[in-house]
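No hydrogens, no waters, no symmetry mates; every other heavy atom, side chains included, goes into these values. Just so you know, ligand 1 is whichever comes first in the structure, and atom 1 is the first atom listed for that ligand.
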Amino acid sequence: MANFIVDGGKLLEGEIAVRGSKNSALPALASSLLFKGKVEFLNMPEIEDIKRARELLSGVENNKLDYEIAKKIRASILMVGPALARFGKIFFPHPGGCSIGARPIDLFLEGWRAMGAEVSSPLNPIVANGGRVGVNSIPFYEIKAPHGLRGCDYTFRTPSVTGTEGLMMTAVLAQGKTILRNSAIEPEVKHLADFLNKNGADIRGAGTHEIVVEGSGGGLLSPRLPFVAPPDRIETGSFIILGLLAAKKLRIKNCAREELSALSAVLKDIGADLEFDGNDILVKKSDAMRAVNIKTKEYPGFPTDLQAPFSVLLTQAEGVSMVHETIFEGRLNYIEDLNRMGAKITLCDPHRALITGPTPLHGRSIEGPDIRAGLAFLIAALIAKGETAVGNIYQIDRGYERIDDRLSALGARIKRI
Ligand code: EPU
């Protein structure tokens with residue numbers, strides 16, 4: 001298993017370009033199942049999750065998602081709706097992915113049931129997978145729509161990003177009108193709807209809490225225009241944080257600036273300066289940052305995916321900050337490792353932590369539990385004194401393209417071992 005060995009404390013300088021958005025690219029790839037020809041994808045990030053999604057898609061024709069791949073990425077659930085709508089039947093394991101909380105799929109299942117699908121109870125994985133997996137493995141589901149899918153009026157109990165994307169894609173091929181209420185309004189939902197509409201779908205309201213889809217009754221879409229992955233807003237935010245902590249001068253190119261208003265607002269409170277130049281953001285190390293309280297929220301609130309990197313920033317801010325993670329119950333599980341590096345963070349309960357700063361960080365051996373905490377650790381390692389070994393870097397490679405090469409180009413001392 002590879003590690004990153006980082007020799008911290010060196011100021012970075014130069015330009016880094018933001019890559020295509022992972023969480024826009026994943027549903028767009030899944031949506032290729034709604035098409036009758038080959039869809040062209042441009043500006044796709046070369047990351048592990050996209051590779052896995054492509055592998056999954058190439059094997060989906062036999063009404064089954066590959067167990068080993070699907071259980072590794074949460075985005076496998078995005079394939080289920082389009083596959084069900086296209087083939088009338090799909091067999092898939094409970095989706096895996098980051099260990100950041102329970103991550104149920106009840107909203108998806110409820111939505112498909114409302115469209116007339118029959119959902120099995122979770123099936124014993126040994127029986128379901130021909131005896132090839134262990135007793136404690138992840139259960140399978142089987143969903144069938146023997147009489148086709150029909151439009152429905154469905155209200156999300158809580159807004160879900162992939163839930164909204166999944167049901168929206170399913171509805172594109174259903175018979176009649178679907179109304180999705182209390183939908184997620186994350187930009188990725190709108191990116192997907194815009195792409196599908198450009199290729200013949202009829203989706204209104206994406207980007208608001210009420211989405212209306214006129215289904216085609218099974219008629220597949222014909223590819224007209226390619227999907228062009230927009231800049232990744234989470235990567236943009238992460239590079240801003242990196243620059244504020246570790247750059248003499250950093251130009252972040254190709255930014256999704258308008259999608260980061262919550263981060264920009266919090267940065268004003270903290271006393272950090274950003275400079276804008278068209279689609280580029282210029283940022284440099286900020287020496288006088290003040291503590292601030294953050295609370296993660298659905299868009300346009302502070303993104304949960306920036307919570308871990310931002311906590312690293314708060315270890316360098318003067319005073320006591322409160323971090324309140326409201327979306328996932330297991331997303332503060334990186335704190336112990338940051339404390340071992342010298343941070344002063346107290347976990348109040350699974351959702352809240354108090355960070356007292358500034359505290360110098362020191363190199364240690366650490367291992368990120370998920371994509372975003374992995375990147376946060378890399379940032380911590382870059383500002384730490386001495387050498388840090390960052391393990392479990394598959395998690396980082398899942399979401400960030402060749403991050404070691406891109407950071408090395410800025411002068412970072414980082415090696416993949
Ligand atoms: N939820 C349910 N039931 C469901 C689905 C979700 O209770 O059936 C709950 C979740 O447990 C959570 C809340 O709803 O408490 C919101 O989760 P959501 O479904 O919106 O998350 P997601 O769609 O699984 C996407 C991103 C995540 C990002 C979240 C929140 C993708 C592929 N993943 O996940 O990204 O954190 O939205 O913005 O789009 C990442 O990129 O590292 C990542 C984890």
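Heavy atoms of Gln307 come nearer than 4.0 angstrom to ligand 1 in no pair at all. Not a single heavy atom of Gly399 sits closer than 4.0 Å to an atom of ligand 1.
The two residues Leu332 and Arg352 have their closest heavy-atom pair at CD1-N, 3.5 Å. Taking each heavy atom of Ile379 and Ile241 in turn, the nearest pair found is CD1-CG2, 4.3 Å. Annotation for Asn254 and Asp280: closest pair N-OD1, 3.5 Å, computed over non-hydrogen atoms.
Note that Arg257 lies in the cation-pi zone of Phe276, set by a 6.0 Å cut-off to the ring centre and a 45° limit from the axis.
For a threshold of 3.5 Å applied to N or O pairs, the pair formed by Arg372 and ligand 1 contains at least one separation below that value. In terms of polar-atom proximity, Leu107 is counted as a contact of ligand 1, with an N or O under 3.5 Å from an N or O of the ligand. At under 3.5 Å, not a single nitrogen or oxygen of Leu26, backbone or side chain, sits near a nitrogen or oxygen of ligand 1. Between Arg157 and ligand 1, no N or O atom pair is found at a separation short of 3.5 Å. Ligand 1 has no N or O atom lying under 3.5 Å from any N or O atom of Leu78, backbone or side chain.
The aromatic ring centres of Tyr67 and Phe140 sit less than 6.0 Å apart.
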